[in-house]
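Naming convention: chains lettered A, B, ... in sequence-line order (proteins, then strands); numbering from 1 in each chain. Quantities reported herein were computed from a predicted structural model and do not represent experimental measurements.
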Amino acid sequence: MIKNTLFLFSFLVALPVFSQEKQLPEARIELQNDSMLLLGDNQRITSKSILLSSPEDVGGLMQKIAGITLKNYGGIGGMKTIAYRGISGTNTAVLLDGFMLQNNMVGQLDLSNLQVDNLQNVQFASSGVTLDELVPVSALMQGNILSMNTFENKQSNDTLEFRWTSKIGSFGLVDNYASVKRGVTTSLLSIYGKIRRFTGDYQYDLVNGSNTSTQLRKNNGLQEGFAGLNYTKYFKEHLKIHTSIHFNQSKRGLPGAVILYNETANQLLNQQNTYWNSELEWKKSKSKIRIYNSLNYGYLNYIDSSYLNNVGGLNNWYFNTVNQTGVSGLRKLKDSTLVLYGGVEYTYSILNAPNQFLFSPKRNHFQSVVGLKYKMDKVNVTLQYGNHVVQNRQQNSNPITSVSTSFLQLEKNEYSTALGLPRVWFKQTFRMPSFSELYYNSFGNKTLKPELTMQFNVGTSYRFFKNSLHLSIDGYYNRVEKKILAIPTKNLFVWSIQNIGKVAVYGVDVLLKKIWKLHSNLEVSASMNYSFQKIIDISDVKSSTYKNQLAYFPLHTLQSEISLWMFNKIGLYVSNSNLTSRFVLNENIPSNELQGFSIYDAALSYRPSTETKNSVRFSFTVKNCFNTPYQYISYFVMPGRNYLITMSYAFN
Amino acid sequence: MRLINLILILLLLVGCTKKPIKLNGNSPSVFSNGFLVLNEGNKDLNNASLSWIDLTSNQVSEDVFLSKTGRKLGDTGNDLQRYGNKLYVVVDVSSTLEVLDAKTGSSIKQISMQLNGKAKEPRNIVFQDGKAYISCFDGYVDVLDTSTLQIQKRIKVGDNPEHMLVIKDRLYVSNSGGLNPSLDSTLSVIDCNSNLEISKIVVGKNPGKIVTQNDSVLYVHVRGNYSSLPSSLKKINLGSSVIQSVVANNITGIEKMEEQLLLFSSDAIALFDMQTSSILDASFISTTTIKTIYRIQYVEALKQIFVYDANYYTNSGFIHRYTNSGQFIQKHHVGLNPNSLIYYE
């Protein structure tokens with residue numbers, strides 16, 4: 001395998017390296033725009049990169065972000081959650097076209113429910129936002145922001161635009177997406193739909209001691225559909241009214257962990273999510289105001305026919321509703337050197353789950369934020385302060401919690417040879433306990449306090465060789481206090497959730513990107529993201545896990561990819577993902593060790609014509625090229641080598 | 001510039017090193033002068049294991065089952081017993097019964113405890129007259145011929161049966177109903193000659209471990225619902241069928257030690273006298289050094305008490321060894337969630 005790898009990369013990398021010796025003097029290498037800028041604490045993924053890598057969903061896409069630890073429970077349809085720099089995904093605000101997606105039952109979203117076909121731009125920011133767009137107040141005060149913008153919501157003056165993508169792949173994958181957008185200067189209307197089917201019956205190698213056997217993943221099927229409608233009305237240049245509705249429904253088998261000697265797997269999960277968003281935005285040259293409302297409605301139904309109770313199994317359902325309303329705005333002063341921004345927001349949440357919760361928990365959450373960004377000659381300073389008042393409405397009491405958040409950032413606003421583009425920031429945020437942590441059966445703890453997080457970041461970005469080589473280095477220290485943990489109390493059946501954990505995180509993210517513009521019709525780019533994350537439990541000096549690396553966090557993560565574009569017609573792409581070994585439990589002993597892995601994907605893309613009015617593209621993708629057995633989560637086996645054929649058509 | 005390209009290539013080619021996972025210690029070829037310990041593991045991690053504690057060298061060998069058989073024990077080891085020249089390991093989530101040679105630990109047979117594609121989830125095992133009785137969470141007790149190692153019969157009992165006790169030719173089975181919204185509260189009584197359930201005794205919600213005093217009285221740990229309904233100790237006179245609650249405190253588990261009982265909770269181990277039905281010493285063993293009391297086992301051949309420390313259930317555990325008067329002897333570091341052992345002379 002190593003030989004193959006060497007050959008492949010030697011071929012891909014040697015081509016630009018050797019040809020560049022002659023062509024470099026003539027080559028015109030320049031920084032195209034600021035989207036090229038590499039920032040470890042504010043990373044972007046473009047639609048081009050999404051197109052080439054063909055991730056199965058937003059969860060799969062997240063492994064491109066340095067600092068992300070992905071928990072992937074099994075390819076297409078498998079649940080995917082993230083942690084960033086050792087901080088759980090509950091601290092990340094997920095935005096779709098500027099609106100929050102939320103789930104107050106478990107606190108974080110399953111990113112396998114978010115599709116990638118229509119994404120134009122994806123941004124993951126832990127530092128402050130750019131203020132180009134006014135995001136919800138709650139997002140401003142979260143630890144991190146994952147922001148996604150769709151094709152359907154992107155302003156367009158083309159009369160009619162159309163997108164269609166069909167995919168067929170291994171293990172019964174059939175995936176069809178279509179979208180129509182009609183845009184004129186005064187309005188924008190778009191509608192889209194997607195249907196995906198996947199049998200998921202892939203083979204995997206099961207290692208059991210000295211024996212290895214080939215098994216078939218069972219009960220891993222998926223059927224899902226997405227649909228949505230966007231409408232935007234522009235009144236002159238100053239006022240915009242927008243509304244959108246997104247709906248998705250899925251039915252999937254839950255294969256669960258592979259259990260030795262027992263292949264029984266009968267669990268099913270049915271889900272429905274509806275997001276209805278509305279906003280009014282008014283802007284002038286120096287001011288901007290946004291009034292927004294988003295309604296999230298989620299239904300989840302879990303069925304386990306093999307559960308050994310006397311009513312034939314489990315059939316649990318949950319209804320989760322979150323309604324968020326807010327106003328945010330900014331004002332530029334002193335020739336735009338000073339920007340004041342702020343907003344207020346109210347969120348109402350309710351959960352109905354009669355089988356699992358004794359009552360329907362409700363929550364009122366009031367948030368306000370104020371901030372300023374001061375642009376000095378060479379340095380930008382950002383200060384932000386937020387306040388939260390949270391009222392949990394329980395059966396017999398309505399306790400109120402008040403928490404504040406803060407953010408301070410200093411960054412240079414121009415490059416210098418010696419220091420590059422240095423930046424330093426501090427952020428203090430929190431996350432509220434989820435309804436499950438507060439109230440789930442006898443495990444919940446109504447007295448839980450918010451989990452507190454502090455992040456310190458020092459970083460810099462460099463550009464070398466006429467802006468063809470970009471480098472970003474960030475070092476960080478994070479600390480989580482009052483971490484919410486489930487711990488056993490009286491016996492294995494009686495657990496309690498308490499604010500007792502403490503975690504310290506030391507890490508470095510290094511991003512590197514190199515572009516070779518070898519010819520007007522030939523461009524090669526290579527990028528690499530490396531993360532070192534020391535994420536240790538410092539809760540209890542007497543514990544067996546004191547100063548041990550937390551479960552499922554690798555010390556080293558390395559992502560690299562090379563893409564080659566010829567004549568704007570042919571694209572070639574190879575990527576490599578590496579994770580070093582992890583521990584499946586917090587105790588760092590050999591029996592808990594889960595081996596690391598190195599996975600290669602490759603893709604070939606072809607456009608018969610460079611015409612932009614009608615554009616057709618074919619691509620062929622091979623994932624896990626060397627058929628490597630691997631697992632993100634112990635005994636949640638990932639698929640071996642698999643193939644994907646994509647056909648897409650765009651009309652502009 | 002060429003140097004930069006070279007660095008880029010090297011960085012892109014960096015892969016992960018895979019380290020083989022090593023086990024500590026060597027398994028003995030024949031078990032002698034030590035303890036064979038069953039470590040339950042955690043659900044979905046397939047990490048149940050057997051540890052060997054060698055009393056001569058004081059060394060602990062990890063994962064003896066793997067080294068003896070070349071394969072893993074499976075998911076959630078729930079019970080370990082010796083009968084004749086065989087060892088029986090009940091593996092709950094993997095739904096298997098592993099039969100091993102008692103001297104060497106080598107595998108004799110793996111019996112799949114599945115029926116029509118469904119796991120029966122075996123929980124505990126007891127023996128009587130060449131037969132093994134295996135409680136299964138699907139509501140049955142399976143009868144196994146220990147010579148042929150064939151399941152002979154399934155006896156329908158209550159919901160989610162667990163602990164069992166044989167007295168003469170009667171098998172008493174605790175029907176916990178632990179997976180149901182409404183807990184079971186009965187003991188099934190099985191005639192071991194006909195292998196039929198002949199009666200049920202209502203003892204209280206979620207019955208657990210059963211012990212006997214002189215084969216005429218049963219003591220049953222009734223566990224309640226772990227919240228509003230506390231656990232208790234029930235005494236049942238088999239002659240008169242009179243049931244009385246003798247200890248109403250919150251008890252996590254019980255273990256018989258000759259004519260006495262060891263009662264334990266999350267932070268105390270008490271000594272209870274079955275003759276007088278009273279607590280003799282509420283702090284019989286100091287628990288300050290024990291993180292998570294999981295179970296207690298009394299080994300009559302040694303007259304010693306073994307307290308299993310689950311160490312918060314997600315870390316490798318310990319066995320604390322005491323004399324029958326509660327004096328500390330030794331502590332052994334073993335695997336994840338130790339729950340039972342067999343002593344070898």
Quick check on B:Ser49 against chain A: is it the side chain, the backbone, both or neither that has a heavy atom closer than 4.5 Å?
neither
Minimum heavy-atom distance B:Asn47-B:Leu336, with the two atoms named:
ND2-CD2, 3.2 Å
Salt bridge or not for A:Lys513 and A:Glu561, using N-O below 4.0 Å?
no
Choice from A:Val584, A:Leu260, A:Ile589 maximising heavy atom contacts with chain B below 4.5 Å:
A:Leu260
Less than 4.5 Å to any heavy atom of chain B: does that hold for the side chain of A:Ile259, its backbone, both, or neither?
both
Applying a strict 4.5 Å limit to non-hydrogen atoms, the region of A:Tyr635 in contact with chain B is side chain
Closest heavy-atom contact between A:Asn592 and A:Glu587?
ND2-O, 2.9 Å
Between B:Lys43 and B:Asp75, does any side-chain N to carboxylate O distance fall below 4.0 Å?
no
Could you tell me whether B:Glu98 and B:Arg71 have a side-chain N and a carboxylate O separated by less than 4.0 Å?
yes
Taking side chain as everything from C-beta outward and backbone as N, CA, C, O, which of these in B:Asn160 sits under 4.5 Å from a heavy atom of chain A? Side chain, backbone, both or neither.
side chain
Looking only at B:Asp267, B:Asp138, B:Thr76, B:Asp184, most heavy-atom pairs under 4.5 Å shared with chain A are made by B:Asp138
Where on A:Val207 is there a heavy atom nearer than 4.5 Å to chain B: the side chain, the backbone, both, or neither?
neither
Can you say whether B:Asn311 sits under 4.5 Å from chain A via the side chain, the backbone, both, or neither, judging by heavy atoms?
side chain
Which portion of B:Asn315 sits near chain A, non-hydrogen atoms under 4.5 angstrom
both
Identify, with sequence neighbours excluded, every residue that meets side chain to side chain contact (heavy atoms under 4.5 Å, CB included) alongside A:Ile500.
A:Leu485, A:Ile487, A:Gln498
Hey, is B:Arg123 close enough to B:Asp92 for a salt bridge, meaning N to O under 4.0 Å?
yes
With a 4.5 angstrom heavy-atom cut-off, is it the side chain or the backbone of B:Leu73 that approaches chain A, or both, or neither?
backbone
Which bit of B:Thr96 is near chain A, if near means a heavy-atom gap under 4.5 Å: side chain, backbone, both or neither?
side chain
Tell me, please, whether B:Tyr140 has B:Arg154 positioned over its six-membered ring: NZ or CZ under 6.0 Å from the ring centre and within 45 degrees of its axis?
yes
Comparing A:Leu585, A:Asn586, A:Asn310 against chain B, the one with the most heavy-atom pairs below 4.5 Å turns out to be A:Asn310
